[in-house]
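Structure record follows, encoded as structure tokens.
All chains are named by letter (A, B, ...) in the order of the sequence lines, taking the proteins before the strands, and each is independently numbered beginning at 1.
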Amino acid sequence: MPEPFVSTTSRVISIPRANIDTDQICPARFLKITDKANLADALFFDWRFTPDGARRVPPSFIDEPVNSGRQILLVGDNFGSGSSREHAPWALRAWGIRAIVSTSFADIFKGNSLKNALLPIVVTPERHAVLTALLGDNPDGEWTVDLEAQQVTLPDGSTFGFELDPFARTMILAGTDEVGYVLGQLPAIEAWEATHPARVDTREGVTAR
Amino acid sequence: MAEKPRTLLEKIWDDHFVASDPGAPAILAIDLHLVHEVTSPQAFTGLRSRGLKVRKPGQTVATADHSIPTLDPSLPILDELARKQLAQIEENCREFGIPFHGQGSPTRGIVHVIGPELGLTQPGMTIVCGDSHTATHGAFGALAFGIGTSEIEMVLATQTLLQRQPKTFRVQIDGRLQPGVGAKDIILALIARIGVGGGTGHVFEFTGDAIRALSMEERMTVCNMSIEGGARAGLIAPDETTFAYLAGRKFAPQGAAWDDAVARWRKLPTDAGATYDRTIVIDGDRLEPMVTYGTNPGMGLPISGRIPSPADLEPAAREDLERALAYMGLQPGASIAGQKLDVVFIGSCTNGRIEDMRAAASVLRGRHVAEGLRVLVVPGSQQVKKQAESEGLDSVFKAAGAEWRESGCSMCIAMNGDQLEPGEYGISTSNRNFQGRQGKGGRSFLASPLTAAASAVTGVITDPRTLVGAASQPSAVEAH
């Protein structure tokens with residue numbers, strides 16, 4: 001069961017790139033696992049290591065020693081595009097990331113993130129430019145992301161609000177599980193099914209091996 | 001009072017809307033859930049930990065495609081993790097009563113190839129799979145989209161999903177494609193135009209004369225890459241082409257049920273007067289074969305074009321293009337045609353169906369692949385493999401010096417040992433040219449089967465229209 005999440009205060013990692021796809025976040029060869037173990041090691045793996053396995057010099061974003069333990073990412077537009085792999089938000093969470101600020105997120109990644117209490121925070125291009133400049137001037141300032149208040153507080157005490165799917169927000173704040181929520185609505189589902197017969201039966205003529 | 005005109009998407013949505021609490025997403029009923037080995041294991045673990053069963057095993061079907069080797073299936077799988085994952089899907093299907101088209105089954109294949117070829121994919125359905133290329137099935141006028149593992153668990157447990165209704169985005173392709181230009185070129189041209197995030201929050205509906213003229217397999221190629229344009233799904237309204245493809249397939253309705261189904265499907269197309277949130281119109285007459293030059297599918301250009309220069313762009317976009325060209329080792333201003341290749345990959349859920357095999361064979365017949373080039377032809381399913389072999393296409397490929405493999409995702413995602421080596425250049429009929437997608441450090445050009453096959457002959461990126469006899473469209477005869 002997920003843990004409730006309300007807010008976090010952390011320094012910020014800037015990755016000023018657009019269209020970061022889920023193959024970069026978690027390369028496909030790390031998808032052969034049947035559990036969720038050790039995914040922190042897979043995060044941005046090919047950015048961090050050469051094809052020969054040597055750590056890149058200078059170290060890639062999350063490997064910079066100063067970025068160790070930071071929980072907030074500021075990234076370019078359309079973060080999380082490509083593959084639907086939930087291993088991407090799992091790897092980000094396993095590494096310690098709790099919130100990502102961008103001008104937009106790919107749809108599937110955004111949904112997967114919300115199911116893992118990883119907050120996709122959308123800001124306007126204008127605000128994104130201001131935040132990028134602010135981070136350049138004050139790279140070690142702490143930001144507070146408050147889901148309850150739907151507000152980010154910057155190091156100078158100024159704040160801005162953000163929108164998040166209200167249902168997902170409620171679920172994350174309470175640590176409630178969506179499967180449990182839907183199972184609570186089984187009578188409505190059964191009523192729908194009673195008037196909508198299944199279109200196919202995948203079991204016809206298929207013999208299990 | 002007349003009913004409000006609705007789009008195809010709105011009709012399917014309304015048909016599957018179960019309920020919604022105020023402020024909460026809709027509970028959307030799911031007709032068909034496709035499962036594969038890579039994204040499902042943790043969902044089954046979740047079910048076990050809750051003590052739940054699969055609620056509708058008869059609306060669920062599984063196969064093994066992503067991490068499965070495409071070499072001789074009688075050989076042991078050397079990759080221990082892949083072997084364990086493949087054993088796990090088989091065990092999960094047995095325990096939960098899900099039909100499994102696994103290793104050794106004549107109906108195994110890439111999940112988005114077998115759904116349609118078995119007739120499981122039907123108009124008006126909601127179809128989901130833990131794979132972003134589920135958009136493929138939208139070619140039948142089904143609302144089909146990729147989901148994450150948490151959502152897989154939701155569908156296994158409830159046969160529903162919590163969803164917000166997406167916006168509609170009409171993509172109208174007018175006119176008639178020129179010889180040598182095909183479905184892959186349509187979708188690559190769209191993505192080059194709108195960018196990889198251009199469709200975010202929307203579902204595409206592809207319309208227009210150029211779309212109507214496509215075969216079902218070509219329509220699947222177009223819808224398949226909707227996600228590369230940021231749209232979670234792409235739709236094409238069902239028509240006579242759709243019904244002709246489905247008639248007689250194993251899981252398609254039969255007899256009176258067929259007539260009822262066709263009558264129902266005929267009501268699906270978007271009503272006159274219905275409105276879309278966005279529309280784009282593309283002139284199909286003017287499309288050329290397309291090739292990508294960068295590290296996302298939006299970085300594409302006509303094959304007669306030149307690689308763009310970062311100097312012409314705004315600062316942020318300039319840096320992205322500089323990084324992409326540095327990774328690709330390409331010079332701004334250079335022609336994309338003529339770029340040197342090490343590997344050619346023909347296959348995937350985008351272009352691994354029988355018509356794709358025929359298109360590639362039409363170019364390679366009587367020709368030989370260039371010296372030193374590695375060419376892999378990987379059918380999308382065992383049924384595609386069998387059909388191709390019955391037509392002698394395997395002999396064409398082998399005589400040309402290409403490898404002919406068992407079916408699977410193969411070098412599209414490079415999880416099974418089929419991969420580019422660091423620094424190698426590959427032209428690929430697959431869907432993603434992301435850094436490392438086809439192997440660590442590998443450099444990918446995306447293109448159509450005709451373009452990939454023409455390039456296999458010369459060893460450099462080649463316009464298929466320049467090879468005599470290569471530009472004719474393959475016959476649209478469809479195999480059952």
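- A salt bridge does not link Asp107(A) to Arg232(B): none of the charged side-chain nitrogens sits closer than 4.0 Å to a carboxylate oxygen.
- Under the side-chain hydrogen bond (donor to acceptor under 3.5 Å, both in side chains) criterion, Thr160(B) pairs with Thr158(B), not counting sequence neighbours.
- Only the side chain of Arg432(B) has a heavy atom closer than 4.5 Å to any heavy atom of chain A.
- For the pair Lys440(B) and Asp46(A), the salt-bridge criterion is not met [side-chain N within less than 4.0 Å of a carboxylate O].
- When atom types are taken as modelled, the side chain of Gln185(A) and the backbone of Ala19(B) share no donor-acceptor pair closer than 3.5 angstrom.
- Contact check on Asp177(A) versus Arg50(B) returns a salt bridge, with a Lys/Arg side-chain nitrogen under 4.0 Å from an Asp/Glu carboxylate oxygen.
- No more than 12 heavy atoms of other residues, nucleotides or ligands sit less than 6.0 Å from atom CG of Asn38(A).
- Note on Arg17(A) versus Asp320(B): no salt bridge recorded, every NZ/NE/NH1/NH2 to OD/OE distance being 4.0 Å or above.
- Of the possible polar contacts, none joining the Gln435(B) side chain to the Trp47(A) backbone as a donor-acceptor pair under 3.5 Å is found.
- Contact annotation for Pro27(A): neither backbone nor side-chain heavy atoms come within less than 4.5 Å of a heavy atom of chain B.
- Between Lys250(B) and Glu204(A) the shortest heavy-atom distance is NZ-O, 3.7 Å.
- Looking only at side-chain heavy atoms (C-beta outward), Lys115(A) and Glu153(B) stay at 4.5 Å or farther from each other.
- For Leu120(B), the parts sitting under 4.5 Å from any heavy atom of chain A are the backbone and the side chain alike.
- For a residue to count as touching a neighbouring chain, one of its non-hydrogen atoms must lie under 4.5 Å from one of that chain's; by this rule Gln122(B) touches chain A with the side chain only.
- The environment of NZ in Lys110(A) is sparse: at most 12 heavy-atom neighbours from other residues, nucleotides or ligands sit within 6.0 Å.
- Contact detail for Thr202(A) and Pro57(B): the closest heavy-atom pair is OG1-O, 3.2 Å.
- Of all the heavy atoms in Glu86(A) and Gly148(B), the pair that sits closest is OE1-C, 3.3 Å.
- The parts of Asp21(B) that come within reach of chain A are both its backbone and its side chain, each placing non-hydrogen atoms under 4.5 angstrom from that chain.
- Glu193(A) has a carboxylate O that lies under 4.0 Å from a charged side-chain N of Arg55(B), or vice versa, which qualifies the two as a salt bridge.
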Q: In sequence, state the C-alpha distance, the side-chain angles, and the governing distance for Leu52(B) and Leu183(A), and then conclude on side-chain contact (heavy atoms from CB on, under 4.5 Å).
A: CA-CA 11 Å; Leu52(B) 293 172; Leu183(A) 285 174; 3.8 Å; yes
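- Ranked by heavy-atom pairs under 4.5 Å with chain B, the list Thr170(A), Val179(A), Asn112(A) is led by Val179(A).
- In terms of heavy atoms, Glu178(A) sits closest to Leu162(B) at OE1-CD1, 3.7 Å.
- In this structure, Trp192(A) and Asp15(B) approach most closely via the heavy-atom pair CZ2-O, 3.2 Å.
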